[in-house]
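What follows is a single structure, written as structure tokens, with notes after it.
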Amino acid sequence: MKPFTGTPTDYSLKEHWLAMPDHPDKPVDLVFLYPSSCHDSRAGVICPVDNRSMVNGARRNFAQQATAFGPVANVFAPFWRQVNSMKLAEMSFEEVDQAEWAEPRTDVYAALDYYFENLNHGRPFFLAGHSQGSRLSYMVLSEYMKEHPDYYANMIAA
């Protein structure tokens, strides 16, 4: 696996989760990676996990997309550092690719580690993402799940 970039966000803290049910009551889970949500011209290339623009955008995107799964799945969605959409026009594909494999990947993998070790309790799960969330889902499928075949065995679909 490629080396990680920076210190991962602490996913034992509830404020680092956009959605984390207190009492999961469905037989399956959904891990949702929200789309590009940071639109902050003052932020750097990578938006911090507590960037107001990203948090508000993530909440809006979650409400529009992930809540559709609420009646059938326990929905888990970590806040994760992501590439600032306001910087994308200034970046080459290679630069975007490098940025996504850095802090965003570090956070998503740390969130998954916490989810599987503390929240999932062996339930089958779906992985869903859109835009940058889809790109990170690709990384999860191509790299993270290869390192964690026991988790992959419980995945229904992505």
Side-chain angles (χ1 to χ4, degrees), residues 2 4-11 13-21 24 26 28-116 119-120 124-145 148 151-152 155-158:
K2 294 180 181 185
F4 290 106
T5 302
T7 302
T9 297
D10 182 356
Y11 289 100
L13 301 175
K14 190 160 180 132
E15 67 256 24
H16 292 154
W17 288 87
L18 174 58
M20 181 174 68
K26 312 284 187 323
V28 299
D29 292 349
L30 171 79
V31 176
F32 179 72
L33 301 177
Y34 52 82
S36 300
S37 298
C38 182
H39 312 288
D40 185 346
S41 60
R42 296 170 307 206
V45 170
I46 302 294
C47 286
V49 73
D50 60 353
N51 176 282
R52 184 181 309 270
S53 170
M54 192 201 56
V55 168
N56 290 338
R59 286 183 176 139
R60 185 175 47 257
N61 288 322
F62 181 87
Q64 293 171 346
Q65 297 175 3
T67 55
F69 299 97
V72 296
N74 307 302
V75 181
F76 293 86
F79 284 115
W80 51 282
R81 293 171 288 177
Q82 65 174 215
V83 178
N84 184 350
S85 67
M86 298 296 287
K87 305 294 183 185
L88 290 174
E90 304 165 10
M91 299 170 71
S92 69
F93 176 80
E94 291 79 17
E95 290 169 325
V96 173
D97 190 55
Q98 288 175 346
E100 287 175 339
W101 279 93
E103 290 90 352
R105 174 178 157 268
T106 298
D107 273 4
V108 168
Y109 287 21
L112 287 173
D113 285 345
Y114 186 82
Y115 163 76
F116 285 118
L119 305 171
N120 174 257
F125 69 97
F126 293 89
L127 176 65
H130 176 68
S131 184
Q132 276 190 70
S134 294
R135 177 73 169 132
L136 272 289
S137 294
Y138 163 79
M139 293 174 196
V140 169
L141 294 171
S142 66
E143 185 179 69
Y144 183 89
M145 288 301 171
H148 299 90
Y151 301 154
Y152 181 71
M155 188 171 72
I156 298 168

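Just so you know, these numbers use all the heavy atoms, side chains as well, and skip hydrogens, waters and symmetry mates.
- Between Thr9 and Ala110, the shortest heavy-atom contact is O-CB, 4.3 Å.
- Counting only N and O atoms by type, the side chains of Tyr115 and Asp29 include a donor and acceptor under 3.5 Å apart.
- Looking at heavy atoms from C-beta onward, Trp17 lies in side-chain contact with Leu119 at the 4.5 angstrom threshold.
- Nearest heavy-atom pair, Ile46 versus Arg81, reported as atom, atom and distance to 0.1 Å: CG2-CB, 3.8 Å.
- The line from CZ of Arg105 to CD of Gln98 is 13.0 Å long, rounded to the nearest 0.5 Å.
- In this structure, OH on Tyr34 lies 9.0 Å from CD on Gln132, to the nearest 0.5 angstrom.
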In a table with atom names and distances, give each donor-acceptor pair under 3.5 Å that connects a side chain of residues 58-70 to protein atoms at least two apart or in another chain.
unit_1	atom_1	unit_2	atom_2	d
Asn61	ND2	Ser37	OG	2.9
Asn61	ND2	Gly57	O	3.1
Thr67	OG1	Ala63	O	2.7

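- Of the N and O atoms on the side chains of Ser85 and His39, at least one donor lies less than 3.5 Å from an acceptor on the other residue.
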**Request:** Before giving the answer on side chain to side chain contact (heavy atoms under 4.5 Å, CB included), spell out for Trp101 and Glu143 the whole-Å C-alpha distance, their side-chain angles and the decisive distance to 0.1 Å.
**Result:** CA-CA 11 Å; Trp101 279 93; Glu143 185 179 69; 3.6 Å; yes
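- Side-chain contact between Met91 and Val83 is present, with at least one heavy-atom pair separated by less than 4.5 Å.
- Side-chain N or O atoms of Thr106 include one that pairs as donor or acceptor with a backbone N or O of Thr5 at under 3.5 Å.
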Show your reasoning for whether ring pair (Phe, Tyr, Trp, His ring centres under 6.0 Å) applies to Phe76 and Tyr114.
-> CA-CA 11 Å; Phe76 293 86; Tyr114 186 82; 9.9 Å; no
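- Using cut-offs of 30° and 60° for the angle between ring planes, the Phe4 and Tyr109 rings count as perpendicular.
- Every residue meeting the side chain to side chain donor-acceptor pair (under 3.5 Å) condition with Tyr144, not counting sequence neighbours, appears here in chain and number order: Asp113.
- No donor-acceptor pair under 3.5 Å is formed between the side chain of Asn84 and the backbone N or O of Cys47.
- To the nearest 0.5 angstrom, Leu127 atom CG is 8.0 Å from Leu30 atom CG.
- Rounding to the nearest 0.5 Å places CG of Leu33 at 7.0 Å from CG of Leu112.
- A donor-acceptor pair under 3.5 Å is formed between the side chain of Gln82 and the backbone N or O of Cys38.
- Going from atom CH2 of Trp80 over to atom CG of Asp107 covers 9.0 Å, rounded to the nearest 0.5 Å.
- The shortest distance between side-chain heavy atoms of Pro78 and Val108 does not fall below 4.5 Å.
- Considering every non-hydrogen atom in both Val49 and Val55, the closest pair reads O-CG2, 3.6 Å.
- To the nearest 0.5 angstrom, His16 atom NE2 is 7.0 Å from Asp10 atom CG.
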